[in-house]
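Taking it in order: structure first as structure tokens, then the write-up.
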Amino acid sequence: MDERDFDEGAAEQSGATRELDQGWGQLARCLADHLGEMASEEDHLVLELPRGHEGGSTPYAQFAGFDGGQMLRAELSGDVYLTPASRLGAEWCDALRAMGWLGNDDEEPNWYVERPLGDMKAIAGLVVGALREAYGVAHPLLLTYRAWGPAVGGAAELGLSATEDVPVELPDAPDGSAALMPEDREELVEMVGMTLEAKYGHRPDVDDDGDLVLSHLDQLVWVRVRPDTPAVEILARVTHGIHSRRATAAEIAVLNRDNPWVKWTLQERTVWQHIVFPALPFAPTHLEAMVDVFLGTMSATRDDLAFRVGGRVA
């Protein structure tokens, strides 16, 4: 892959940025739908980054019904609970207050809003905007969820992994921080390699294009740093030699509809599965989570897709 200047790539409205916007928008819509189902005081939902730190928490949001299920309370992590690196500065605190958030003080340690259950779209928008912009969560798929109460079954429709299903012992950044700022593409490639080495206990092979190569379901999965923008892409050829391009296009349209984060594309008679996420700054835990999501989705969908379109795997 050709070397490119990261400043130019970051300034462009890239495909990775568009996919990121779509991902956050999808989460806001799914969250609003689920909040509308939380019509009991026993319903609770927590969105969080699954990895804890010594000396504090990572950002989270939590929701609970009250007033007989007619009202909903949403909370964001207050400074008293957060790690120093995750705490909001004065500018973001002022911005949250201007948007209607209360708390983050001695009486109410968390930020909170209370709205009628019918305002779930506004509540979802406030929370998703705060997680993305104020708290700097790099990608919605980094969030996991915990839920309980009568509406618990609907939480799976958020498109996130359950916290209990995500490994929590993930590697630290080399300097112990949660995120790093690579100076160029070469340094980002090295960070990606180090993270995968920590995850699997060995450095993955590198192909002729400079991509890191994993193996899953007896086939290759590539992890590459994009040459045109500071983003990481994971991709795999999940089926090839399909019978009908039209029928296959219909099948992957359903997959793309039902899986807001992982995407499938048809090239000639081959179907590729891929996911792209920004990596400036680069957080090792983000890459860990994305690899798990990608491989888990591949395990759940590959063989059925190949059967439906008459294709071959591996």
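These numbers were taken from a predicted model, which means no experiment stands behind them. In this chain, residues are counted from 1 in sequence order.
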First locate atom CZ of Phe277, then atom CG of Leu142, and finally report the distance between them rounded to the nearest 0.5 Å. 8.0 Å

Does the pair Arg29/Asp33 count as a salt bridge with the N-to-O cut at 4.0 Å? no

Give a yes or no on this: more than 12 heavy atoms of other residues, nucleotides or ligands lie within 6.0 Å of atom CD of Gln267. yes

Atom CG of Asp218 with >12 non-hydrogen neighbours under 6.0 angstrom: no

Can you name the nearest heavy-atom pair linking Thr265 to His274, along with the distance? CG2-NE2, 3.3 Å

Is the number of heavy atoms from other residues, nucleotides or ligands under 6.0 Å of Glu197 CD greater than 12? yes

Answer yes when Arg224 and Asp207 have at least one side-chain N-carboxylate O distance shorter than 4.0 Å, and no when they do not. no

Is any side-chain heavy atom of Leu27 less than 4.5 Å from a side-chain heavy atom of Leu131? no

Rounded to the nearest 0.5 Å, what separates atom OG1 in Thr297 from atom CG in Leu141? 8.0 Å

Going by the angle between their ring planes, with limits at 30° and 60°, are His44 and Trp148 parallel, tilted or perpendicular? parallel

For the atom pair CE (Met120) and CG (Leu72), what is the distance rounded to the nearest 0.5 Å? 10.0 Å

For residues Val291 and Leu235: do they belong to one hydrophobic cluster (side chain heavy atoms under 4.5 Å, members Ile, Leu, Val, Met, Phe, Trp, Tyr)? no

Evaluate whether atom CD of Gln70 has more than 12 neighbouring non-hydrogen atoms of other residues, nucleotides or ligands under 6.0 angstrom away. no

Do Leu212 and Trp222 have side chains that get closer than 4.5 Å, going by heavy atoms? no

So with a 6.0 Å cut-off around CZ of Arg73, is the heavy-atom count from everything else above 12? yes

Main-chain N/O of Ala151 paired with Asp43 side-chain donor or acceptor, under 3.5 Å: yes

Step by step, would you call Lys263 with Asn256 a side-chain contact (heavy atoms from CB on, under 4.5 Å)? CA-CA 6 Å; Lys263 296 300 178 183; Asn256 285 330; 3.6 Å; yes

Kindly indicate whether the side chain of Glu108, heavy atoms from C-beta on, has any atom under 4.5 Å from the side chain of Leu102. no

Which pair of heavy atoms, one from Asp292 and one from Lys199, lies closest together, and at what distance? OD1-NZ, 2.9 Å

For residues Asp79 and Cys93, report the shortest heavy-atom separation together with the two atoms involved. OD2-SG, 4.3 Å

Tell me whether Leu295 is reachable from Val238 by hopping between hydrophobic residues (I, L, V, M, F, W, Y) whose side-chain heavy atoms are closer than 4.5 Å. yes

Might you work through the side-chain contact (heavy atoms from CB on, under 4.5 Å) test for Val271 and Glu251, ending with a clear yes or no? CA-CA 11 Å; Val271 178; Glu251 291 290 343; over 6 Å; no

Could you tell me whether a side-chain N or O of Asn104 sits under 3.5 Å from a main-chain N or O of Gly78, the two making a donor and an acceptor? no

With clusters defined by side-chain heavy atoms of hydrophobic residues (ILVMFWY) lying less than 4.5 Å apart, directly or transitively, does Ile123 cluster with Phe66? no

Nearest atoms (heavy-atom pairs only) where Trp24 meets His139: CZ2-C, 3.7 Å

With distance as the sole test, does Arg302 use its side chain to make a donor-acceptor pair with the main-chain N or O of Leu217 at under 3.5 Å? yes

In this structure, which one of Tyr112, Trp101, Tyr60 forms a side-chain contact (heavy atoms from CB on, under 4.5 Å) with Leu76? Trp101

Might you point out which heavy atoms bring Ala124 and Leu35 nearest each other, and give the distance in Å? N-CD1, 4.3 Å

Atom of Leu45, atom of Ala147 and distance for their closest heavy-atom approach: CD1-CB, 4.0 Å

Are the side chain of Tyr200 and the backbone of Leu214 linked by a donor-acceptor contact shorter than 3.5 Å? no

Would you kindly confirm whether Trp92 and Leu82 end up in one hydrophobic cluster when ILVMFWY residues are joined by side chain heavy atoms under 4.5 Å apart? yes

Distance check, rounded to the nearest 0.5 Å: Met71 atom CE versus Glu114 atom CD? 6.0 Å

Whether Asn259 side chain and Leu255 backbone form a donor-acceptor pair below 3.5 Å: yes

Do Met194 and Glu190 touch side chain to side chain, with heavy atoms closer than 4.5 Å? yes

For the side chain of Arg269 and the backbone of His243, is there at least one donor-acceptor N/O pair under 3.5 Å apart? yes

Shared ILVMFWY cluster between Leu47 and Val152, side chains joined below 4.5 angstrom? no

Calculate, to the nearest 0.5 Å, the distance between atoms CE and CG belonging to Met99 and Leu126 respectively. 6.5 Å

Using only atom types and a distance under 3.5 Å, with no angle test, would you say the side chain of Arg132 pairs donor to acceptor with the backbone of Val127? no

Please report the interatomic distance CG(Leu305) to CD1(Ile242), rounded to the nearest 0.5 Å. 9.0 Å

Quick check: does any side chain N or O of Thr239 sit under 3.5 Å from a backbone N or O of Arg312, one acting as donor and the other as acceptor? yes

Between Gln273 and Val262, is there a donor-acceptor pair closer than 3.5 Å when you use the side chain of the first and the backbone of the second? no

What do the steps show when you test Thr58 against Glu48 for side-chain contact (heavy atoms from CB on, under 4.5 Å), and what is the final call? CA-CA 7 Å; Thr58 48; Glu48 59 192 347; 5.8 Å; no

side-chain contact (heavy atoms from CB on, under 4.5 Å) between Val223 and Ile234, intermediate numbers included: CA-CA 5 Å; Val223 180; Ile234 309 172; 4.3 Å; yes

Is there a side-chain contact between Gln219 and Met298, using heavy atoms and a 4.5 Å cut-off? yes

Using only atom types and a distance under 3.5 Å, with no angle test, would you say the side chain of Ser40 pairs donor to acceptor with the backbone of Pro150? no

